[in-house]
**Student:** 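Please find one structure pasted underneath; my questions will follow.
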Amino acid sequence: MDVLDHSLMAARPGALGLVEAALSGDPTGWDGLFDRFYPTVHRYALARTGDRSIAEEIAQEVFVAAVSTLSRLRERSEAGIEGWFVAIARFKLADRARRRAREQRLQAAAAVEPDAADLAASRLATGELRAAMEELTEEQRDVLVRRFVLDQSLEKVAQAMGRRVGAVKAMQHRALASLGRRLGQAEAWR
Amino acid sequence: MSEMDPRLGELFDTLRRESATAPRPAAMAAARAAMHQAVAAQPERRGLAALLHRAGEALAAQRIALASAGAGAALAAVALLGWNAPAGSTLHAVRLAHEQLALAVPGADRVALELSYAESRLDDARRGRDRQASLDEAQQLLDDAHAHLPSGHTSPLWGRWQRDSAMLDSLRGGPGEATPSPGQGSDDGGSSSQSTSGSSTSSDRGGSGDTSQSGGTGSGDGGRDGGSTSSSTSTSGGDHGGSTPTSTSSSHEGSTSTSSRSSSTTSSGGDGSDGGGSSGSGSTSTSGGGGGSDGEATATEVTSSSSTSDGG
């Protein structure tokens, strides 16, 4: 579950050190943060949108926004700092959804179009999953993506979200139950 | 994922695989460039400004009070010297600052604190330390305390407020006169309080002592005793209070004090007849001391003012 975590935690400059370097105007600090967290941000955005181009746009917006808001970062742990970047991604996704709701629906519809049986089935399935996830609360969605797409442990998710482990487990439980009901209903309608 | 429906588990597995697609190098390069462009557009974070900003952030985040021990020692010295600096003095701001901090603490007994601060100003005035400024601040603090006292006059702090108000009135009544002479209730009251500036007054009214004393009991003697007791307890004139019982008796000793005290006691007692008003009047009378006429006159004046404030 924590393969990605372990890879991130390999011997490298600490995230806090990179933050401090970035805030002091050292460009290597920013590069370090970018290299460290861009893949996670990109993956999170891709999991949420299913669209590579949108995920890339979101990831870029995140790091541009981080420049002006990094001074307000209060997190000191690797998980907390990563959570901060992902939180910006979440906000950007919400903004995009609000501004381009119709476009999102069109994209979802397009994603349903099969080009090959298996792929179509896969895209249809994950498209439905994403659509069902959009019905969840922001935090529930965040927990599911972090846990089952980014493969983060409960502890890491809790730290990133500033919540207790028990609260994260409860959110996960409710989110899965809700997803199960929605997908079950979708199945029934077919 | 033990709690997850297998079908849902499969969907998440698929989602995981799809999202694991590596970012395109061109997109990464574009994002990095945009980030650096944004960094370059923030000159205020560069150089010395950036260092100062980071230093500020570090201090706030890590709660580091001072960078150098020397500066810390200097600040500590200033704090120590200014802790009880009288109104009007250069370091009085230090005193005001720590008092305001105490008042701002959640759950703090605001009225009790304001009364304590007022009593310390009254004590300063009695000692001749920036008298007028001290009295002005005492007035302000007593007004603030009055505004925060619960209505109904049931709080025990009402008596303390009345006594302090009486002391303030007596201190404002006139220049520090000579120690009241025996039998001159009013004179005593008034004079004592004023002249004493320190001891007499305090003892009489207690400054603290007296006040409390007066407030303490209704009757003269009783008042005195009670007064002494209360004063020591209630007022800042704690010192007075402390010494009050004995010293008071001794200092004003006797006569004057006695009469004063009785006067005060009677009047102020917070029991003061009319409560707030009483205190006012109480004090007045007290100051007036036994001196009927004087006392009365004073009492009248005080009563008026008291009533006013009381009516408060």
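Order of the sequence lines sets the chain letters (A, B, ...), proteins ahead of strands, with each chain counted from 1. Remember, predicted model here, so these are calculated numbers, not experimental data.
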**Student:** Does any heavy atom of chain B fall under 4.5 Å from the side chain of Leu144(A), the backbone, both, or neither of them?
**Tutor:**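 Contact with chain B: backbone and side chain both.
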
**Student:** Given heavy-atom pairs under 4.5 angstrom as the criterion, report whether the side chain, backbone, both or neither of Leu15(B) touches chain A.
**Tutor:**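 When you check distances to chain A, atoms from both the backbone and side chain of Leu15(B) fall under 4.5 Å.
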
**Student:** Under 4.5 Å heavy-atom distance to chain A, tell me which part of Ala33(B) shows up: side chain, backbone, both or neither.
**Tutor:**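 Neither part, no heavy atoms under 4.5 Å.
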
**Student:** Quick check for you: to the nearest 0.5 Å, what is the distance between Met28(B) atom CE and Gln60(A) atom CD?
**Tutor:**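 So the gap between those two atoms works out to 12.0 Å.
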
**Student:** Starting at CG of Leu129(A), measure out to CZ of Arg7(B) and round the result to the nearest 0.5 Å.
**Tutor:**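 So the gap between those two atoms works out to 10.5 Å.
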
**Student:** Would you give the length of the straight line joining atom OG1 of Thr21(B) to atom CZ of Arg43(A), rounded to the nearest 0.5 angstrom?
**Tutor:**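 Between atom OG1 of Thr21(B) and atom CZ of Arg43(A) there are 9.0 Å.
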
**Student:** Determine whether more than 12 heavy atoms belonging to other residues, nucleotides or ligands lie under 6.0 Å from atom CZ of Arg24(B).
**Tutor:**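 Enclosed: over 12 neighbouring heavy atoms sit under 6.0 Å from CZ of Arg24(B).
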
**Student:** To the nearest 0.5 Å, what is the distance between OG1 on Thr126(A) and CZ on Phe12(B)?
**Tutor:**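 With rounding to 0.5 Å, OG1 (Thr126(A)) is 11.5 Å from CZ (Phe12(B)).
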
**Student:** Would one find more than 12 heavy atoms of other residues, nucleotides or ligands at under 6.0 Å from atom CD of Gln37(B)?
**Tutor:**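 Result for CD/Gln37(B): open.
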
**Student:** Restricting to salt bridge (Lys or Arg N to Asp or Glu O under 4.0 Å), what partner residues turn up for Arg32(B), sequence neighbours left out?
**Tutor:**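 Arg32(B) satisfies salt bridge (Lys or Arg N to Asp or Glu O under 4.0 Å) with Asp31(A), Asp35(A) only.
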
**Student:** Report the distance from atom OG of Ser19(B) to atom NE2 of His42(A), rounding to the nearest 0.5 Å.
**Tutor:**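 If we round to the nearest 0.5 Å, Ser19(B):OG and His42(A):NE2 are 9.5 Å apart.
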
**Student:** Is Glu18(B) salt-bridged to Arg130(A), going by a charged N under 4.0 Å from an acidic O?
**Tutor:**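 The answer is yes: the pair qualifies as a salt bridge.
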
**Student:** For Gln42(B) and Ser71(A), what are the C-alpha separation, side-chain angles and deciding distance, and is it a side-chain contact (heavy atoms from CB on, under 4.5 Å)?
**Tutor:** CA-CA 12 Å; Gln42(B) 294 203 321; Ser71(A) 59; over 6 Å; no

**Student:** Say you draw a straight line from CE of Met35(B) to OH of Tyr38(A); how long is it, rounded to the nearest 0.5 Å?
**Tutor:**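 Answer rounded to 0.5 Å: 11.0 Å.
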
**Student:** Hey, which of Ala27(B), Ala31(B), Ala20(B) has the most heavy atom pairs under 4.5 Å with chain A?
**Tutor:**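 The residue among Ala27(B), Ala31(B), Ala20(B) with the greatest pair count is Ala31(B).
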
**Student:** Report the C-alpha distance between Phe148(A) and Leu8(B) in whole Å, list the side-chain angles of each, state the deciding distance to 0.1 Å, and finish with yes or no for side-chain contact (heavy atoms from CB on, under 4.5 Å).
**Tutor:** CA-CA 11 Å; Phe148(A) 306 122; Leu8(B) 202 52; over 6 Å; no

**Student:** Output yes when a side-chain donor or acceptor of Arg16(B) lies under 3.5 Å from a complementary backbone atom of Val145(A), and no otherwise.
**Tutor:**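 Looks like no, no N/O pair under 3.5 Å.
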
**Student:** In chain order, what residues pass the side chain to side chain contact (heavy atoms under 4.5 Å, CB included) check against Gln139(B), with sequence neighbours excluded?
**Tutor:**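 Once residues adjacent in sequence are excluded, the partners of Gln139(B) under the side chain to side chain contact (heavy atoms under 4.5 Å, CB included) criterion are Asp143(B), Leu168(B), Arg172(B).
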
